[in-house]
Amino acid sequence: MAREMGLNPRSLIKNIPSPSQQWKAPVSTWIREMYQERLDKARRKKERKEISAE
């Protein structure tokens with residue numbers, strides 16, 4: 001998923017939460033959430049396009 005979104009290993013390593021960063025989600029969760037948001041946005045855009053074409 002990360003590769004599909006254009007993320008490199010450095011950006012993934014950079015986002016590993018340290019013990020003082022309890023607010024950060026684990027990298028695997030972060031990637032999944034970001035990927036899902038991207039898919040949802042694309043789906044909404046496609047729906048809007050279909051509605052305006054009618």
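This chain uses plain numbering: 1 for the first residue, then up along the sequence. Bear in mind that the values here come from a model prediction, so they are computed numbers and not experimental data.
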NZ (Lys45) and CD (Glu50) are apart, to the nearest 0.5 Å, by 13.0 Å

CZ (Arg10) and CG (Asn15) are apart, to the nearest 0.5 Å, by 12.0 Å

message = Counting C-beta onward and ignoring hydrogens, is there a side-chain heavy-atom pair between Tyr35 and Glu4 closer than 4.5 Å?
response = yes

Check: Is Leu7 close to Ile31 at the side-chain level, that is, under 4.5 Å between some pair of heavy atoms?
Finding: yes

- Steps toward side chain to side chain contact (heavy atoms under 4.5 Å, CB included) verdict (Glu47, Arg43): CA-CA 6 Å; Glu47 288 173 355; Arg43 182 183 46 81; 3.2 Å; yes

query: Got a donor-acceptor contact below 3.5 angstrom from the Thr29 side chain to the Ala25 backbone?
result: no

Pairwise side-chain contact, Met34 with Arg38, heavy-atom cut-off 4.5 Å (strictly under): no

Do Lys24 and Ile16 have side chains that approach each other closer than 4.5 Å (heavy atoms only, starting at C-beta)?
no

Rounding to 0.5 Å, atoms CD (Glu37) and CG (Asp40) come to a distance of 8.0 Å

